[in-house]
Participant: 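Here it is, the structure in full.
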Amino acid sequence: MAECKKEHGECGKGCFVDSVIHVDVKDYYGKTLKKTSDLKSNACLAPSQAIPAFILKALKKIHPEVTAKWVHCCNIVLTMYYGCGLVVPECLEGCRLLDLGSGSGRDCYMLSQLVGEKGHVTGIDMTEDQLEVARKYVDHHTQEFGYEKPNVDFVQGYIEALKEAGLKENSFDIIISNCVVNLSPDKRKVLSDAYRVLKDGGELYFSDVYSSSKLSDEIKNNKVLWGECLGGALWWEDLVRLAQEVGFSPPRLVTANVITVDNMELEAILGDYKFVSATYRLFKIPKISNKGSLVIYNGNITGFEESLEFDSQYTFKVDEVVEVDGEVASILSHSRFAEEFTFQPPGLPAGCSVRKPKVGTVNPFELVLQLGSATVSSATGGCCGAESSFCK
């Protein structure tokens, strides 16, 4: 791919030439960073979080070499599940899923078990040596999972050039990404390409690094800060704007974590800029209705049989009546979640218990402040007792 000397699209071969940023990223991760102690911030090492039992079970079935070589934001060996967040959305069975920046395939092989034999996972990465490891163990994991044929494949390419990598329009139910969008020189193209390859009702579920305001050119041009996932961070308001400009529904904020920089030299360059890692979910759905709805979660999603923490505003408990706004009602009714809920227009007989949602936010910095903690996880709770079947 790198042999083509023409600008992207000119040769007609669907190639994508490395930009200066792509080259710098590969050098930083391949040569500068060899171990976690080489990092100068915790942007790539957000606080570890509890991993659900069913995900742990899936991770234990992955070949040790894949786990040892696995990278997401940094090309270094990590022995715990760290990163911008645990990027495992719910309701995956039978889905076609794309992992942006898949590295040696650890998450792809974990997710291949969650989507099941009827689902499929594709990983895309720009680093050939990582893909070589991933592809080496396709047959191994097919046998380990008891599948008749592989449900995983790996593609070399760039996350802002999915068409050039051969990924077709309207072909995926879900796209995930863990701390790699900030490394791209063209965030709009990442989002627009993701929107293009998603099916109607599909979701981009991703964790990344965001800044408190637009970054200066000095910061954006600093190779170390870019490699540390800070120099390429989007201002969170730009994410909200770009997502909707390319066609997504307004972003739903799931989690947020404060990022610290324990390096005096970099702190001096960053000044008053603040950073968080945050997980958002973006949906490709029809125009959002202004009408809210009452919903009941049916409890049929594997691993979430008692409750579903959808985002920082909504947690759905089984058989509990919850009032949702028009945005969330549209998302639930036009996505893979449609069969997991019972819907009814607002208004119930007297005496029925309905849980009202708390005030939501799309600002990750505000979410951190609201909960008064450096580590913010999605909302839990709901104080009202539930009555099933809309109080029938």
Side-chain angles (χ1 to χ4, degrees), residues 89-95 170 173-175 194-195 198-206 239-241 243-255 278-301 304-363 366-367 370 378-392:
E90 321 83 4
C91 198
L92 298 180
E93 294 175 24
C95 289
N170 301 320
D173 300 291
I174 306 164
I175 298 175
Y195 187 87
L198 279 173
K199 299 176 184 178
D200 290 341
E203 176 184 14
L204 171 57
Y205 184 98
F206 70 118
L239 170 72
V240 175
R241 175 180 57 81
Q244 293 180 81
E245 284 180 0
V246 303
F248 282 110
S249 62
R252 304 294 307 182
L253 177 61
V254 181
T255 63
T279 300
Y280 285 95
R281 52 196 330 163
L282 281 57
F283 288 86
K284 181 179 179 178
I285 60 171
K287 186 176 180 181
I288 292 173
S289 169
N290 293 323
K291 296 182 179 180
S293 180
L294 298 176
V295 302
I296 290 181
Y297 173 51
N298 300 329
N300 295 325
I301 299 177
F304 304 90
E305 290 81 5
E306 295 184 1
S307 66
L308 173 64
E309 297 181 13
F310 187 74
D311 58 24
S312 60
Q313 182 180 12
Y314 288 97
T315 292
F316 302 103
K317 293 184 177 181
V318 172
D319 294 335
E320 181 180 58
V321 184
V322 180
E323 181 180 303
V324 299
D325 58 29
E327 179 181 312
V328 173
S330 294
I331 289 172
L332 295 179
S333 61
H334 290 93
S335 68
R336 67 187 187 281
F337 293 101
E339 295 183 0
E340 309 302 333
F341 288 83
T342 303
F343 298 84
Q344 179 171 303
L348 283 177
C352 287
S353 176
V354 179
R355 182 160 64 86
K356 301 282 186 178
K358 64 181 183 179
V359 176
T361 180
V362 73
N363 181 348
E366 184 176 299
L367 180 59
Q370 281 180 0
S378 31
T380 58
C383 57
C384 303
E387 295 184 41
S388 62
S389 300
F390 294 109
C391 306
K392 288 182 179 178

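The first residue of the sequence shown is numbered 1, and numbering continues consecutively from there. Reckoned from all heavy atoms, side chains included, excluding hydrogens, waters and symmetry mates.
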Participant: Would you call E203 and R252 a salt bridge, taking side-chain N to carboxylate O under 4.0 Å as the test?
Facilitator: no

Participant: Could you tell me whether E93 atom CD has more than 12 heavy atoms of other residues or ligands within 6.0 Å of it?
Facilitator: no

Participant: Counting C-beta onward and ignoring hydrogens, is there a side-chain heavy-atom pair between I296 and D319 closer than 4.5 Å?
Facilitator: yes

Participant: Do R336 and D173 come close enough that some side-chain heavy atom pair is under 4.5 Å?
Facilitator: no

Participant: Set out, in order, the CA-CA distance, both residues' side-chain angles and the distance that settles side-chain contact (heavy atoms from CB on, under 4.5 Å) for F343 and V324, then state yes or no.
Facilitator: CA-CA 10 Å; F343 298 84; V324 299; over 6 Å; no

Participant: Going from OG1 on T279 to CG on D311, what distance comes out if it is rounded to the nearest 0.5 angstrom?
Facilitator: 11.5 Å

Participant: Say you draw a straight line from CZ of R355 to OH of Y314; how long is it, rounded to the nearest 0.5 Å?
Facilitator: 9.5 Å

Participant: Do the non-hydrogen side-chain atoms of K284 and N170 ever get within less than 4.5 Å of each other?
Facilitator: yes

Participant: Hey, mind stepping through F310 and Y297 against side-chain contact (heavy atoms from CB on, under 4.5 Å) and telling me if it holds?
Facilitator: CA-CA 11 Å; F310 187 74; Y297 173 51; over 6 Å; no

Participant: Which heavy-atom pair separates C91 from I174 by the least distance, and what is that distance?
Facilitator: O-CD1, 4.4 Å

Participant: Any idea which heavy atoms bring S312 and L367 closest together, and the distance?
Facilitator: CB-CD2, 3.8 Å

Participant: Closer than 3.5 angstrom, by distance alone: can the side chain of S293 be matched with the main-chain N or O of V295 as a donor-acceptor pair?
Facilitator: no

Participant: Measure the CD1-NZ distance between I175 and K199 for me, rounded to the nearest 0.5 Å.
Facilitator: 11.5 Å

Participant: Hey, does Y280 have a side-chain heavy atom less than 4.5 Å from the side chain of L204?
Facilitator: no

Participant: Quick one: CZ on F283 to CG on L332, what's the gap to the nearest 0.5 Å?
Facilitator: 7.5 Å

Participant: Any chance you could lay out the side-chain contact (heavy atoms from CB on, under 4.5 Å) test for L308 and F341, step after step, and finish with the verdict?
Facilitator: CA-CA 11 Å; L308 173 64; F341 288 83; 3.9 Å; yes

Participant: Donor-acceptor pair, distance only, cut-off 3.5 Å: does the side chain of Q313 make one with the backbone of K358?
Facilitator: yes

Participant: If you define the side chain from C-beta out and look only at heavy atoms, does anything of I331 sit under 4.5 Å from S249?
Facilitator: yes

Participant: Testing the basics here: between G201 and I285, what is the closest heavy-atom pair and its distance to 0.1 Å?
Facilitator: CA-CG2, 4.3 Å

Participant: Report the distance from atom NZ of K291 to atom CG of D325, rounding to the nearest 0.5 Å.
Facilitator: 15.0 Å

Participant: Where do L253 and A278 come nearest, in terms of heavy atoms and distance?
Facilitator: CD1-CB, 4.0 Å

Participant: Do L198 and F248 have side chains that get closer than 4.5 Å, going by heavy atoms?
Facilitator: yes

Participant: List the steps, then state whether side-chain contact (heavy atoms from CB on, under 4.5 Å) holds for L282 with F206.
Facilitator: CA-CA 9 Å; L282 281 57; F206 70 118; 3.7 Å; yes

Participant: Taking all non-hydrogen atoms of both residues, which atom of N298 and which atom of T342 are closest, and how far apart?
Facilitator: OD1-OG1, 3.3 Å

Participant: Can you name the nearest heavy-atom pair linking V240 to V362, along with the distance?
Facilitator: CG2-CG2, 3.9 Å

Participant: Quick one, F337 and E90 - any side-chain contact, counting heavy atoms below 4.5 Å?
Facilitator: yes

